[in-house]
Q: 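Please read through the structure below; I'll follow up with questions.
Numbers restart at 1 for each chain; the letters A, B, ... are given by sequence-line order, proteins then strands.
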Amino acid sequence: MDYNPQEIEKKWQERWEKLGLYQATDFDKKPKQYILVEFPYPSGDGLHVGHARSYSALDTIARKRRMQGYDVLFPIGYDAFGLPTENYAIKTGIHPIEVTKKNTVIFREQLKSLGLSFDWSREINTTDPSYYKWTQWIFLQFFKKGLAYQQEMPINWCPSCKIGLANEEVVNGKCERCGAQTEKRNKKQWLLKITAYADRLIDDLKLVDFPERIKNQQINWIGKSEGTNIKFKIGNNDLEVFTTRIDTIFGVTALVLAPEHELVQTQKLNIKNWDEVEDYINKSKQKSEIERMDFAKEKTGVELKGVYAINPLNDEKIPIWIGDYVIATYGGGAVMVVPAHDERDYEFAKKYGIEIREVIRPGEKVPTLRQQSEVRDSDIRQERIVGAYIEYGKLVNSGEFNGLDSEKAIKKITKWLEKKKLGKKQINYHLRDWVFTRQHYWGEPIPIVHCEKCGVVPVNEKDLPVELPYVEKYEPTETGESPLSMINEWVNVKCPKCGGRAKRETDTMPNWAGSNWYFLRYCDPNNDKELADMKKLKYWMPVDLYNGGMEHVTLHLLYSRFVYKFLYDIGVVPEPEPYKRRCAHGMVLASDGQKMSKSRGNVINPDEIIKKYGADTVRLYEMFMGPYEDAIAWSTESLEGCARFLRKIWNIYDNTEKIDKETTKELIQKLHYTVKKVSDDIDNMKFNTVISSMMEFINTWNEKNNVLSRKDAEYFLKILAPLAPHITEELWETLGNKKSIFETEWPKYDEKLIKKDKIDLIVQINGKVRDKINVNVDISEKEAKELVLSSDKIKSWLNNQELKKIIFVKGKLINIVI
RNA sequence: GGGCGAGUGGCGGAAUGGUAUACGCACAACACUUAAAAUGUUGCGGGCUUUGCCCAUGAGGGUUCGACUCCCUCCUCGCCCACCA
């Protein structure tokens, strides 16, 4: 019989579903394992071959764990609120609800056609009111704890999408979705206070097993920096400046304020060159964000003539400048200029003729490698003259602090300032609070009411969910208000507190809202009393393995950790971190090495490939194509190789000559080795070598007169099963088995059988391979030496030269040094 | 500018201190075939004076009996962040 994947795949998918083989059991006796993939956004484009790659990988792990005796939760759902659906709906006139329904059906079918072992009974959808009821409930808890607040603030506005964007959605000043240039607009926004959790989000990375690069990215994104806030007097006003290098305070020769800084206006009357200053302020206001960034290399500024600040440490008069390279929203919008010890300050000082005063010298203790090389290159003085010396060192020209090391000086000077109430220790973060509103239709309504008397009032929890009304028009409005504001009968409500006239909040939540906590809902998807039962959460959480893309590391992955920590604080979830281990897949690129996109016309449609080759081949190829974490270009030619491999397996099991014999000795060894290799490599997510080792096994089985016993033939099917579930299930049945292969135990290997008794001992002379001799594996050093030195081949190489040393590595090699 | 990572055949890659190029693709020859596809067999880094030897893992240096692997310098590419004081 020929291998016909289309037929057998359909058969087994139906049978698995009937058996309910992949349903997770709450409170099972077996140890639990929660394996999670980021749920897809059901876009109109359908499933991407990239989805297929990461889902197949985690499916492989889930299937193996089940066979290893775990109670596995491997769920799936849809993150369906969001802009593309709304934009598509506007274009076609089909309502977002309909679009979502249609796309979800397509996605579900595609996922099923891959034979993924999801527990379909727990499927969720973020646009389902019984789901977003709890998204809204979480928002109310944030509000009650004062962590959700409103603020008038400039938002990034995309004139094309007509939507406010979070900073993270603006790339180089352009809208992440449509690429249009964004503008700034002032609008009252809801924000979530993620900054209150900044420290814990850094510290608790210790508790989890994430790849280092992911931890680093999150730490950098939060951008914690410890320093000192110091007050300079300007007339009667205080100017607070943040610095991480208070040890350089005696080298301050200027201050630079952001053009927006309030003190510029306060000091207006004292500034002698006001016209020039005002001109500069206006010009920088006109510059867009991107232009201000483009000027990064050319720093500009204007001196505020006639105004001085007083350095509290030495009462020196310091000139004040404004410059638009200073960010208004960070560190108080002011910087102190220390040209001798900061590269940017040095550049600025050189340009405008500001004094450069040395206050730090390289100390005897040389802390960094960079400095070591500089010291060895001797010309320290030259270095100081040519540029800024930015390392720590010993203080000079610093009054009573002369001679101190930078580190000590920072502590001492800060203490001195604190004592005199002129400054204090300060920690700043780059992380900003999370703008949690969108002026769009297709999102979760924010459960807040604005009352004429009571002000901002939360909707009563018993009245949740605040359902998104079904409307005909969902286009964004020119005013920037949400389309919901147009629906009077929905907007006008009674105040939950006083019963008076009130209006609903018409902004909706961002597309990240529903994905912050979805993994909790899988534990208890139908609960209408709480977002999930604590007992069930205690059983399933935390997620044991969570797979997702690198592009979500600073967005979804950080946000959801924050939300989870908050839920932990209010006693809704059992521990402080949601994900025990995180892994990231590499992208699947088009065959030209570019990102797949419709406009480039290089998209591979998984449906077509599955139809032609079968799901097992697609799965196998996507695992084989390269290291799981790396981006790899698609190659249909390479995929054919995997199809060939499966056909080879089919044929060998079809050939009665090859099975039901006594397993040949070479194959016993190879089989056990392969079982070990496959077991280990699946756990380490090295799927490409899993498959190559199985290919090697099949090659050996095929060659010569190698044969397997029925039991050993079954062994091999089991280790292939998690990767190619359909073909193995079919062959398993053909061998006469009644139970599903996935209800059987994962095979164990026997170390003793893997061990070879004879090996090729490598004989090296001066590290070069000169010979291989077949010997017993446990040959002693003495025996090996005698054997090698008596061989004619080696003798001719040695040529009677003096032996200096012999290195012997047991079971591997012997190296003769002459 | 900062952080992280990578550089191995025509291509995807394997080997993380001990036989470099496993496995797969592509290619070539042969077999089967009227023919093609499929399948099978063989070959496939470069060079040479070819039972064998020399060279080669971005370049150069170092550590080591031994380096793709560890260390230093440089080059190239990718990703993320970026005037953060």
Q: Consider the side chain of A:V769, meaning its heavy atoms from C-beta on, and name the nucleotide among B:A26, B:G40, B:U19 that approaches it most closely.
A: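 Selected nucleotide: B:U19.
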Q: Side chain of A:K768 only, heavy atoms from C-beta on: which candidate in B:G13, B:C55, B:A15 is closest?
A: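 Nearest to the side-chain atoms of A:K768, counting from C-beta on, is B:C55.
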Q: Considering only NZ, NE, NH1 and NH2 on the basic side and carboxylate oxygens on the acidic side, decide whether A:K411 and A:E226 come within less than 4.0 Å.
A: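 No salt bridge links A:K411 with A:E226.
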Q: Please classify the nucleic acid contact of A:N651 as base, sugar-phosphate, or nothing, using heavy-atom distances under 4.0 Å.
A: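 Nothing: the residue A:N651, judged by heavy atoms under 4.0 Å, touches no strand.
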Q: Identify whether any heavy atom of A:T243 sits under 4.0 Å from a base atom; if not, whether one sits that close to sugar-phosphate; answer base, sugar-phosphate or nothing.
A: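 Sugar-phosphate, no base atom in range.
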Q: Identify all pairs in which a protein N or O lies below 3.5 Å from an N or O of nucleotides 61-68 of chain B, and state each distance.
A:
{"from": "B:C65", "atom 1": "OP1", "to": "A:K805", "atom 2": "NZ", "distance (Å)": "3.2"}
{"from": "B:C65", "atom 1": "O2", "to": "A:N815", "atom 2": "ND2", "distance (Å)": "2.4"}

Q: Check the chi torsion on B:G9 and let me know: syn if it falls within 90° of 0, anti if not.
A: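 The base of B:G9 is oriented syn (glycosidic angle within 90° of 0).
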Q: As a test of reading the structure: which of B:C23, B:G24, B:C25 is closest to the side chain of A:K648, going by heavy atoms?
A: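 Nearest nucleotide to the side chain: B:G24.
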Q: Measuring from the side chain of A:I632 (C-beta onward, heavy atoms only), which nucleotide among B:G24, B:A85, B:G13 has the closest atom?
A: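 The answer is B:G13.
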Q: Given B:A85, B:C25, B:C81, identify the nucleotide with an atom nearest to the side chain of A:W221.
A: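 Of the candidates, B:C81 comes closest.
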Q: Of the listed nucleotides (B:C54, B:C25, B:A85), which one gets closest to any side-chain atom of A:R770?
A: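 Nearest listed nucleotide: B:C54.
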Q: Over 60° means perpendicular and under 30° means parallel, so tell me whether A:W701 and A:F697 are parallel, tilted or perpendicular.
A: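 Correct class here is tilted.
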Q: Examine B:A15: is either OP1 or OP2 under 4.0 Å from a nitrogen or oxygen in the side chain of A:K686? Give yes or no.
A: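 For B:A15, OP1 or OP2 has a side-chain N or O of A:K686 closer than 4.0 Å.
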Q: Closest nucleotide of RNA chain B for A:V809 versus for A:G331: which of these residues is on the 5' side?
A: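 Nearest-nucleotide comparison on RNA chain B picks A:V809.
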Q: Scan A:L813 against the nucleic acid and name what it touches under 4.0 Å (heavy atoms): base, sugar-phosphate only, or nothing.
A: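 Here A:L813 touches the bases of the nucleic acid.
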Q: Classify A:N688 by what it touches in the nucleic acid, base, sugar-phosphate, or nothing, heavy-atom distance under 4.0 Å.
A: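 Sugar-phosphate contact only - A:N688 comes under 4.0 Å of backbone atoms but never of a base.
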Q: Pick the nucleotide of RNA chain B nearest each of A:S692 and A:G223; which residue has the one closer to the 5' end?
A: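 Checking each residue's closest nucleotide, the 5'-ward one belongs to A:S692.
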Q: With a 4.5 Å cut-off on side-chain heavy atoms, are A:R619 and A:R53 touching?
A: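 No, too far: nothing below the 4.5 Å cut-off.
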Q: For nucleotides B:C32 and B:A37, find the distance between their P atoms and express it as a whole number of Å.
A: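 These two P atoms come out 15 Å apart once rounded.
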Q: Taking atom C1' in both B:G45 and B:U41, what distance in whole Å separates the two?
A: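 The answer is 23 Å between these two C1' atoms.
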Q: Taking the side chain as C-beta and beyond, is there a heavy-atom pair between A:Y429 and A:T195 under 4.5 Å?
A: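 No, side chains not in contact.
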Q: Looking only at atom P, what distance separates B:G7 and B:C70, rounded to whole Å?
A: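 Nearest-Å result for B:G7 against B:C70 at atom P: 10 Å.
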Q: On a whole-Å scale, what distance lies between the C1' atoms belonging to B:U69 and B:G58?
A: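 16 Å, rounded to whole Å.
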Q: Just to confirm, is there a sub-4.0 Å distance from OP1 or OP2 of B:C23 to any side-chain nitrogen or oxygen of A:S693?
A: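 The answer is no; no side-chain N or O of A:S693 sits under 4.0 Å from OP1 or OP2.
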Q: Ignoring hydrogens and geometry, is there a side-chain-to-backbone donor-acceptor pair from A:R600 to A:K595 under 3.5 Å?
A: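 Confirmed, A:R600 side chain pairs with A:K595 backbone.
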Q: Using a strict cut-off of less than 4.0 Å between a Lys/Arg side-chain nitrogen and an Asp/Glu carboxylate oxygen, indicate whether A:R213 and A:E629 qualify as a salt bridge.
A: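 Looking at A:R213 and A:E629, the cut-off is met.
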Q: Please determine if a side-chain N or O atom of A:R647 lies less than 4.0 Å away from the OP1 or OP2 oxygen of B:U39.
A: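 Looking at the OP1 and OP2 atoms of B:U39, one of them is under 4.0 Å from a side-chain N or O of A:R647.
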Q: Taking the side chain as C-beta and beyond, is there a heavy-atom pair between A:Y628 and A:H585 under 4.5 Å?
A: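 Yes; the side chains approach each other to less than 4.5 Å.
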Q: Categorize A:W634 for me: base, sugar-phosphate, or nothing, with a 4.0 angstrom heavy-atom threshold over every strand shown.
A: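 Contact class for A:W634: none.
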Q: Taking the P atom in each of B:C68 and B:G60, what is the distance between them to the nearest angstrom?
A: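 The answer is 13 Å between these two P atoms.
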Q: As a test of your reading of the structure, name each stem of RNA chain B as range with range, where a stem is three or more consecutive Watson-Crick or G-U pairs at under 3.5 Å.
A: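 Stems for RNA chain B, defined as runs of 3 or more consecutive pairs: B:1-7 with B:75-81, B:10-12 with B:23-25, B:27-31 with B:39-43, B:45-48 with B:52-55, B:58-62 with B:70-74.
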Q: Return yes if some donor-acceptor pair links the side-chain N/O of A:K425 with the main-chain N/O of A:T414 below 3.5 Å, else return no.
A: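 Checked: no pair found.
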Q: Step through it carefully: locate the ring centre of A:F624, locate the ring centre of A:F645, and say whether they are under 6.0 Å apart.
A: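 When the ring centroids of A:F624 and A:F645 are compared, they turn out to be at least 6.0 Å apart.
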Q: Among residues at least two apart in sequence or on other chains, which ones pass side chain to side chain contact (heavy atoms under 4.5 Å, CB included) with A:K758?
A: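 A:K758: side chain to side chain contact (heavy atoms under 4.5 Å, CB included) contacts with A:N774, A:N776.
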Q: At under 4.0 Å between heavy atoms, what does A:Y429 touch on the DNA or RNA strands: base, sugar-phosphate, or nothing?
A: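 A:Y429: no heavy atom of the nucleic acid under 4.0 Å.
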Q: Can you tell me if A:R644 touches the phosphate of B:G24, counting only side-chain N or O atoms and a distance under 4.0 Å to OP1 or OP2?
A: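 Checking A:R644 against B:G24: no side-chain N or O falls below 4.0 Å of OP1 or OP2.
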Q: Determine the interplanar angle of the A:Y653 and A:F716 rings, folded into 0 to 90°, and report it as parallel if under 30°, tilted if 30 to 60°, perpendicular if over 60°.
A: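 Parallel, since the angle between the ring planes stays under 30°.
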